[in-house]
2 protein chains.
Amino acid sequence: MKDLLIGVDIGGTTIKHGIITKEGTLIDKWEIDTDITNHGENVPYDIWNSIKTRLTDLQIGYDRLIGIGVGAPGFIDPISGVVAIAVNIGWHDFNLKEILENLSNLPVYIDNDANIAALGENWKGSGQLVSNMLAVTLGTGVGGGIIANGQILTGTNGTGAEIGHMTVIPENGYHCNCGRTGCLETIASATGFVRVAKQWIEEGKADSLKVRLQEQGNLSTKDIFEIARSGDESTNQLIEYILDHLGLALANLAVTLNPAKIVIGGGVSKAGEQLSKPLQKSFDKYALPRAKEACEIVIADLGNDAGIFGGAFLALQKS
Amino acid sequence: MKDLLIGVDIGGTTIKHGIITKEGTLIDKWEIDTDITNHGENVPYDIWNSIKTRLTDLQIGYDRLIGIGVGAPGFIDPISGVVAIAVNIGWHDFNLKEILENLSNLPVYIDNDANIAALGENWKGSGQLVSNMLAVTLGTGVGGGIIANGQILTGTNGTGAEIGHMTVIPENGYHCNCGRTGCLETIASATGFVRVAKQWIEEGKADSLKVRLQEQGNLSTKDIFEIARSGDESTNQLIEYILDHLGLALANLAVTLNPAKIVIGGGVSKAGEQLSKPLQKSFDKYALPRAKEACEIVIADLGNDAGIFGGAFLALQKS
């Protein structure tokens, strides 16, 4: 009887794997290092070898496997399963789906890692299987994943849900890695918080942060939230300033996607209520009341496991 | 053999009907007045009576009908087919689907009129059946319709694609009918163009428009585009100012929905290149290059027939 799914989450440093039942119970999970030598060509072979070894160890027969769902970085065509560009790994027009299918003799389904993580949160995390959901990851950058009518919205060329590149400061914004200026991720990512803090320090608007920077020689988002928690007014204003832009972007997405849940994940989400309270306030200010009524902003549940659950659920949905 | 679809487009003044083949050939179309007396309770009876009469006239048997697809104003739950609120007609929690199904003994599918018009453009208009599409209607207000993975994105409580209520002027924006300020439709609708023009006249920034207003006693979007066409610099600046906001909103939607087409319709779209050229310029400035590459901005094709085609296609998709 086919009852098991394999979820795979490929990152630039490690590759996470999970064996998960159709009902969503995690049987086993493990990681391997990502081999980025030789333009990442070994990656699918490493993945399949590690799955084979683990199945043997667990005495699980191949005949129980429904399929493999994979989250990979970069821009992906989910139908062909070709990764157009994944800079961190070295892939360029890399036919990940075909290679893994030939190796495993199983159906393989692929999508962008942020989309797959969103699907995982939708299935077994804070998303609670709502039909319309937006996942936002506040990490080094700002990532996004959209579930529309119960399905991942990958878009025309894999650029769906790239909400980190919504322009939120139309004039004189910070420079973004994408080559433009004013993108959401230039201010609302972990690096963005620090970037804005440093500017406020330069402008003489953030003395407590200046002291911390001088003491430590560096500054982190954690420092910013810690100093704010101590009651420092200017640091709280800094957080409000940033979250006002994020709240505006999410409100504009709420009248577009009309989600039942906006799930916030990534390192910055560890700030908990320090993040969610001012964010909710800004969201409420900018969102159409009817869209706001339908939508709850929640913190992600699954952490680093979101990708393997999402991969597994993609395989279940598509098979 | 079942080979025909009925598309219905309910407006506050008239109701449009079409008999359309599965392949999308229009067999016949007609309109009736919308009876808004008695809180619009007669509307489904009027619709079915007019369809029966027309089928009899055309000697088409009921056994050829696949189903009825309806676009209605207001917020709609497409599963129950209940219209939550449709102010223009007087409906409040009105079970349009159930009543029409009981009358016709046919499957009836319902969605918001703007969404249905988008689906019509997608099927037989400028949308050319791309899987991901955004339709924007620049009329009295600004409406929207989203096709995501080939399906209408209605959202959690029928507020999907309400892009007229994206906040584009976060501070000191114009008042909107929705009770908030700074919504896209306060400036980019036909009424919005005139609103901004009148402010520029007050501020002494639009002399040619002021002369036209004094001559006529009023001002229209058509006047604005006409004066711009004559080469008037400040009026062209006014158009660029407005379209800069619209282009920013569409660019932010392009990195979210990653559509292959953005289809612009409504009265303002009659300005043709005077609209599309500055809009494309602004869109190009704000859009992530990869999202821009995938996306073509085009003018809508079907005009007032978009709704009946969309209704028919919805019935085809769902049946």
Side-chain angles (χ1 to χ4, degrees), chain A residues 75 78-79 84-85 130-134 144 146 148-168 170 176 178-184 244-245 247-249 251-261 282 285-295, chain B residues 75 78-79 84-85 130-134 144 146 148-168 170 176 178-184 244-245 247-249 251-261 282 285-295:
Chain A
F75 297 110
I79 294 169
I85 304 158
V130 296
S131 296
N132 298 289
M133 191 193 102
L134 169 65
I146 294 167
N149 296 320
Q151 304 288 326
I152 289 174
L153 179 49
T154 306
T156 302
N157 65 353
T159 318
E162 288 286 335
I163 63 164
H165 298 288
M166 291 175 76
T167 301
V168 296
C176 184
C178 76
R180 298 180 314 116
T181 62
C183 293
L184 180 60
D244 193 64
H245 287 85
L248 172 60
N252 283 344
L253 294 175
V255 291
T256 304
L257 307 168
N258 191 201
K261 305 262 182 194
S282 150
K285 182 169 74 176
Y286 294 122
L288 186 73
R290 193 176 164 87
K292 184 169 68 188
E293 280 162 26
C295 182
Chain B
F75 297 110
I79 295 170
I85 304 158
V130 296
S131 295
N132 298 289
M133 192 194 102
L134 169 65
I146 294 167
N149 295 320
Q151 304 288 325
I152 290 175
L153 178 51
T154 305
T156 302
N157 66 352
T159 319
E162 286 287 336
I163 63 165
H165 298 289
M166 291 174 77
T167 302
V168 295
C176 183
C178 76
R180 298 180 314 115
T181 61
C183 292
L184 180 61
D244 193 65
H245 287 84
L248 173 60
N252 283 344
L253 294 175
V255 290
T256 305
L257 307 168
N258 190 202
K261 304 262 183 194
S282 151
K285 182 169 72 175
Y286 294 121
L288 185 73
R290 194 177 163 86
K292 183 169 72 188
E293 280 162 26
C295 182

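A note on names: the letters A, B, ... follow the listed sequences, proteins ahead of strands, and every chain is numbered from 1.
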Search all heavy atoms of A:Pro170 against all heavy atoms of B:Leu248 and return the closest pair with its distance.
-> CG-CD2, 3.7 Å

Scored by heavy-atom pairs under 4.5 Å with chain A, the best of B:Thr154, B:Asn157, B:Thr256 is B:Asn157

Part of A:Ala291 lying under 4.5 Å from any heavy atom of chain B | both

Please state whether the side chain, the backbone, both or neither of A:Thr167 comes within less than 4.5 Å of a heavy atom of chain B.
-> both

For chain A, find which of B:Ser131, B:Ala287, B:Gly182 contributes the most heavy-atom pairs closer than 4.5 angstrom.
-> B:Ala287

Ranking B:Arg180, B:Lys285, B:His165 by heavy-atom pairs under 4.5 Å to chain A gives rank one to B:Arg180

Given the options B:Leu253, B:Asn252, B:Asn132, which has more heavy-atom pairs under 4.5 Å with chain A than any of the others?
-> B:Asn252

Taking every non-hydrogen atom, the tightest pair across A:Pro259 and B:Thr156 | C-OG1, 3.3 Å

Flag the pair B:Asn149 / A:Asn149 as yes when at least one side-chain heavy-atom distance between them is below 4.5 Å, and no otherwise.
-> no

Set of side chain to side chain donor-acceptor pair (under 3.5 Å) partners for B:Ser282, sequence neighbours left out = none

Sort B:Ala84 into side chain, backbone, both or neither according to what part of it lies under 4.5 angstrom from a heavy atom of chain A.
-> side chain

Measure across A:Thr159 and B:Asn258 and return the closest heavy-atom pair with its distance rounded to 0.1 Å.
-> N-OD1, 2.8 Å

Which residue out of A:Leu153, A:Leu184, A:Ile163 racks up the most heavy-atom pairs below 4.5 Å with chain B?
-> A:Leu153

What part of A:Ile146 is in contact with chain B, defined as an atom under 4.5 angstrom from a non-hydrogen atom: side chain, backbone, both or neither?
-> side chain

